Structure formats: structure tokens, C-alpha cells
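Contents: one structure, followed by commentary.
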Amino acid sequence: MDPRLKEMTHNVPYHDLIQPALGPANPFEPAGTSQRNLLTGYFEEHNMADYAFDTLHRTFHNKSYALDPDGDGRQIIGMVQEAPSDIFVVRKNTNMKPKKRKEKGDPANAEGFLGPWAGYEGEAVKQTPVAGTEEELAEALNLSTDLPKLVEEEDDGNEKTIFHGKSTTDYLGRTYMHVPTDLDVDLLAEPGIKEAYIPKRCIHTYTGHTKGVNAIRLIPNSAHLFLSASMDSKVKLWDVYHDRRCLRTFIGHTKGVRDICFSNDGKRFLTASLDKWIKLWDTETGQCISRFTTKRIPYCVTFNPDEDKQNIFLTGCQDKKIYQFDVNTGEITQEYDQHLGPVNTITFVDENRRFISTSDDKTLRAWEFDIPVVIKYVAEPSMHSLPAVTMHPDRKWLACQSLDNQIVVYSAKDRFRQHRSKGFRGHLIAGYACKPGFSPDGRFVMSGDSAGMLWFWVSRSTL
């Protein structure tokens, strides 16, 4: 074929196309270009293990020579003169002998027992000397023995009370425990006989605490007094009517008070504090009657509502247990240990024969009183923690504040099932343990929220 032709007028046979080029070599072609298939050189696929490639690459980079990967294993590429002459000679070390371990010793001998830490015979152990003189080492050892030891906080017993007023009695000798009769409302009447209404405006603000308030409890039966527990470690007793002022301050805890609970007659109350102490107080005199501790932080405390069991109270603690105390002896009479997280609430149900407990483990458990066995276990994948629980006035329902921004309702009977259609939503409560409340007639449900607002729902339409 004429190389000057730019068109082919016939098909060239395949055996002609694969014939070697004939003619004189191009004198202007650079050396090595005929072997290139890339602009920078010649590329050829080659299969090799990563470990072998990395070994050859490091050897060539460090010593400028390496084994030829395309050879038979005895060819060297690179700076061959740098390679030793006996590079392919295999040497066998005839001096290698298996090492013998030392005896482990007798396990009964604490000083001489080496066990799996026994070394080899003839092994040289290098000991790094410690910097410093013998006097400095002795002084350091003496200082280490004088370190303070961690001890449990003990109660100093310095409880006191402050009465805010001129006299503890009126002209008839009655204390503030006397139920006022000069009001338009009969405070001793049966609760719920009168219709309740939603409040329209704020009529008074109680001020006195210096830190957040954790709990508020109305005195039973009359509700003319209420207690407030605060993070400032103080508990205050307030007047609901008349002057609406602070009547007495109870001082005896070193840390914030988490929960409070009145007895049935309101003459005594319990305080549970973050200082790990539970104290029983006299409401009228302010005297501390007894002190109890489990060496754990109590999160909730409640008396047994039965009249013949007013000497027994339950407390849920940080160690996932519920402790039952006897006030008369001061001893723990029962422990309920089934929860997997700190216990948040304890609520008696079913004529006080059982009680419900909620915990940070996102479960609700029902117990027979004085029997440490769970009779009902409620836990679902979509269930959130229930940090606050309130009983409905008819004692048939439980309103539980859930941390997924809703109030869920459970039956207080044998089944303890959730009524999914009977819930209250709309408020933002995640991260806060605001306790819901019912009006005395059970018509309304109320709750606070994270923005400091009060929410009201009509409960009769759902319950």
C-alpha cells in the first residue's frame, strides 16, 4: 500500500494488518517511545498481593533495589550493585532453643505466687530506677497515707424552725391548724359537691423561696394551708386565705428538698431531700420528730393512706429501689427491687391494697403492698418516662405526665391498661416533671408547661 494514500479502496486482509512495520527507522523518534502505551510510559496489568507489593515498594524506596516482580524470584531490579552478594542465601539459626517458663508457684502463697505472670528462665528484667532520693520517696509514701477518705454525709441534727408572726395562737388559743370558719366556703364539706370553674386571673403571688420550688402539697381535709419544698433546702408553710403569708419555715436539710407528703390528719409531714435524708416534722410546732436515711437520694415519699398504717411510709430512691419504713422503729421493713432506673413516683390504688410506681426506665409497675413482687408490668417501645402521676378524685383513673408532651391516662383497677383515646395534649413538657392536677369535682385537668403557662382541659369529655 502506498503510505501517501488517505483512502483505502479495498479491504486489507487481517494477516497483512498484523505484519511488522518495514522500512528504515525514524531518526527523529525519541528512544523508548515505541514501547509506550501511555504518555508517561508503559502500563501493564499485574496481579499481586497488597502485602507483597508494599514490601517491594518499601525495599526499593529504602535501598534502591528490590526483587523483580516479573522474575522467578531470584532477579533484582534497580541498583543491583547495592544488593549484597548473599541476598538469596537462606540462613538457619541453630542457636534457637525453646524458652522455659518459671514455676507459677503455690496459689495459697500470696507472696510467691506468680501465676500467668511468671517470666522465662534466664530472662533479664530491666528495672527503671525511680527519680528522687530515699528521703523524698519516704515523704511521698507518708503523704499518700494521709489523704482524706470519702465518708457519707452525716446529719448534724441542727433542725430549727422560724415562726413568722407575733403569736402562735389567737385570742381563743387556737393555732393556725384550726380550720377557719369565717369564710364563704365550708372547708370541711365533702370535696366535689360544688361545681368548680377555671380560674380567670391571678389573685396572689407567694414569694419567699430563693430557688426553684419542687413540690406543693395542700393540707388534707380543709386545704387552708399548704407546704412548699424548694431547692434552697427549706420548707415553708403558707396560709391560703386571710393574709396569704408564710406562717413557718422549716430548716434542717443541707440540700434541696425533692418531695414532701402530709399524713392523713395533716399534723405531721415528711420531707425527702437531696442530702439523702428523710425527716418527719410536726406541722404545728415545727419540731423534727425523726430522721431516716438509706444512704441514697430519695426522689419521692408517701405515707400509707390507711388510718391504721400511718406509721408506714414508702420512698423511691436513686438506687432503683423502693424502701418501706416504720416510723415507730425507724427501720426498713420491706424493699421493692425491680426497677431499672431511679423511682420517680409512688401512688396507692385499689383501696390502698396496691400501689403504682413509675421510673426513669420508662415503665409502670403495680405492686401488692408489703409483697415485693410485681403484679403488673407496663412497658411499650413508644412509652416515655412518667415523672409525675395524679389520681382522679373518683380513684378510677391515673393521669401520668409523659415526657413526650402529653398526659396519658391509665386505669387504676386490676388491668392498669392505658386508654389511648383518653389523653391530653397541646402543651410542651419535655424535660420537666410538672405534676398534673384535677379539680375537686373532677371536671378539669390542669398542668404547667416549660414556658411557665397553665393548661386546662375538660376531663369529663374524655374520662
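Computed from a predicted model, the values in this text were never measured in an experiment.
Nearest heavy atom pair, residue Ser273 against residue Ile297, reads O-CG2, 4.4 Å. Here the shortest heavy-atom pairing between His204 and Cys202 reads O-SG, 3.5 Å. What you find for Val445 and Ser459 is that their closest heavy atoms are CG2-CB, 3.4 Å. Listed here is the closest heavy atom pair of Phe250 and Thr283: CZ-O, 4.0 Å. Scanning all heavy atoms of the two residues, the minimum distance from Val389 to Cys400 falls at CG2-SG, 3.9 Å. Between Asp360 and Ser385 the shortest heavy-atom distance is OD1-OG, 3.6 Å.
Between Val80 and Tyr65 there is no side-chain heavy-atom pair separated by less than 4.5 Å. Residues Phe292 and Phe313 form a side-chain contact, since some pair of their non-hydrogen atoms from C-beta on lies under 4.5 Å apart. Considering only heavy atoms from C-beta on, Phe369 comes within 4.5 Å of Lys309 through its side chain. Here the side chains of Phe325 and Thr294 are in contact, with some heavy-atom distance below 4.5 Å. Contact check for Tyr323 versus Cys317: side-chain heavy atoms found under the 4.5 Å cut-off. Counting only heavy atoms from C-beta outward, the side chains of Phe424 and Val409 approach each other to under 4.5 Å. In this structure the side chain of Val349 reaches within 4.5 angstrom of the side chain of Met391, judged on heavy atoms. Using a 4.5 Å heavy-atom cutoff, the side chains of Glu331 and Asp326 are not in contact.
A donor-acceptor pair under 3.5 Å is absent between the side-chain atoms of Ser233 and the main chain of Gly256, judged by distance alone. No donor-acceptor distance shorter than 3.5 angstrom exists from the side chain of Ser402 to the backbone of Ile407, with no hydrogens or angles considered. At least one donor-acceptor pair closer than 3.5 Å links the side chain of Asp449 to the backbone N or O of Met453. Using modelled atom types, one side-chain atom of Tyr336 and one backbone atom of Asp370 make a donor-acceptor pair closer than 3.5 Å. His392 places a side-chain N or O within donor-acceptor distance of the main-chain N or O of Asp394, the cut-off being under 3.5 Å. The backbone N or O of Gly252 sits less than 3.5 Å from a side-chain atom of Lys279, completing a donor-acceptor pair. Formation of a donor-acceptor pair under 3.5 Å by the Thr390 side chain with backbone atoms of Pro436 is found in this model. Using modelled atom types, no side-chain atom of Asn311 and backbone atom of Asn328 make a donor-acceptor pair closer than 3.5 Å. Looking at Ser450, its side chain does come within 3.5 Å of a backbone N or O of Leu428 through a donor-acceptor pair. Using a distance-only test at 3.5 Å, with no hydrogens or angles considered, a donor-acceptor pair links the side chain of Ser439 to the main chain of Phe444.
Side-chain contact, Ser64 with Glu82: no donor N or O sits under 3.5 Å from an acceptor N or O. With no hydrogens or angles considered, no side-chain donor-acceptor pair links Thr161 and Gln287 at under 3.5 Å. Of the N and O atoms on the side chains of Ser411 and Trp397, not one donor lies less than 3.5 Å from an acceptor on the other residue. Using a 3.5 Å distance cut-off with no hydrogens or angles, the side chains of Gln401 and His384 do not pair a donor with an acceptor.
Expressed to the nearest 0.5 Å, how far NE2 of His253 lies from OG1 of Thr271 amounts to 3.0 Å. Taking CD1 from Ile198 and CE from Met446, the interatomic distance works out to 8.5 Å, rounded to the nearest 0.5 Å. If you take CD on Gln334 and CD on Gln324, they are separated by 6.0 Å, rounding to the nearest 0.5 Å. Interatomic distance, CG of Leu227 versus SG of Cys261, reported as 10.0 Å (0.5 Å rounding). Interatomic distance, Ile278 CD1 to Ile260 CD1, rounded to the nearest 0.5 Å: 13.5 Å. Residue Asp404 holds its CG atom at 11.0 Å from CD1 of Ile429, rounded to the nearest 0.5 Å.
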What verdict does the side-chain contact (heavy atoms from CB on, under 4.5 Å) test give for Leu56 and Leu67, after you've listed the backbone C-alpha separation in whole Å, the side-chain angles of each residue and the deciding distance to 0.1 Å? CA-CA 7 Å; Leu56 294 177; Leu67 292 177; 4.0 Å; yes
Ser357 and Ile322: CA distance, side-chain angles, deciding distance, side-chain contact (heavy atoms from CB on, under 4.5 Å) verdict: CA-CA 9 Å; Ser357 63; Ile322 299 174; 3.7 Å; yes
Could you walk me through whether Leu364 and Lys376 pass the side-chain contact (heavy atoms from CB on, under 4.5 Å) test, one step at a time? CA-CA 8 Å; Leu364 184 147; Lys376 183 68 176 181; 5.9 Å; no
List the steps, then state whether salt bridge (Lys or Arg N to Asp or Glu O under 4.0 Å) holds for Glu351 with Arg395. CA-CA 9 Å; Glu351 298 180 355; Arg395 305 193 66 82; over 6 Å; no
Could you walk me through whether Val378 and Gln418 pass the side-chain contact (heavy atoms from CB on, under 4.5 Å) check? CA-CA 9 Å; Val378 180; Gln418 179 185 357; over 6 Å; no
Applying salt bridge (Lys or Arg N to Asp or Glu O under 4.0 Å) to Arg353 and Glu368, what does each step give before you reach the verdict? CA-CA 6 Å; Arg353 294 177 299 183; Glu368 289 280 356; over 6 Å; no
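The local environment of CG in Asn62 is crowded, with over 12 non-hydrogen atoms from other residues, nucleotides or ligands closer than 6.0 Å. Within 6.0 Å of NZ on Lys236 lie more than 12 heavy atoms contributed by other residues, nucleotides or ligands. Within a 6.0 Å radius of NE2 in His61, no more than 12 heavy atoms belonging to other residues, nucleotides or ligands are found. Environment of CZ in Phe456: crowded, with over 12 heavy atoms of neighbouring residues, nucleotides or ligands closer than 6.0 Å. The environment of CD in Glu380 is crowded: more than 12 heavy-atom neighbours from other residues, nucleotides or ligands sit within 6.0 Å. At most 12 non-hydrogen atoms from other residues, nucleotides or ligands lie less than 6.0 angstrom from NE2 of His57.
A cation-pi contact, defined as under 6.0 Å to the ring centre and within 45° of the axis, is absent between Arg365 and Tyr377. With a 6.0 Å cutoff to the six-membered ring centre and a 45° limit on the axis angle, Arg101 counts as a cation-pi contact of Tyr120.
For the side-chain contact (heavy atoms from CB on, under 4.5 Å) with Ile346, the lone residue among Asp259, Val301, Thr358, Leu314 that qualifies is Leu314.
Aromatic rings of Phe348 and Phe303 (six-membered ring for Trp) have centroids beyond the 6.0 Å cut-off, not under it. Aromatic pair Trp457/His427: centroids less than 6.0 angstrom apart.
The pair Lys321-Glu335 counts as a salt bridge, with a side-chain nitrogen and a carboxylate oxygen less than 4.0 angstrom apart.
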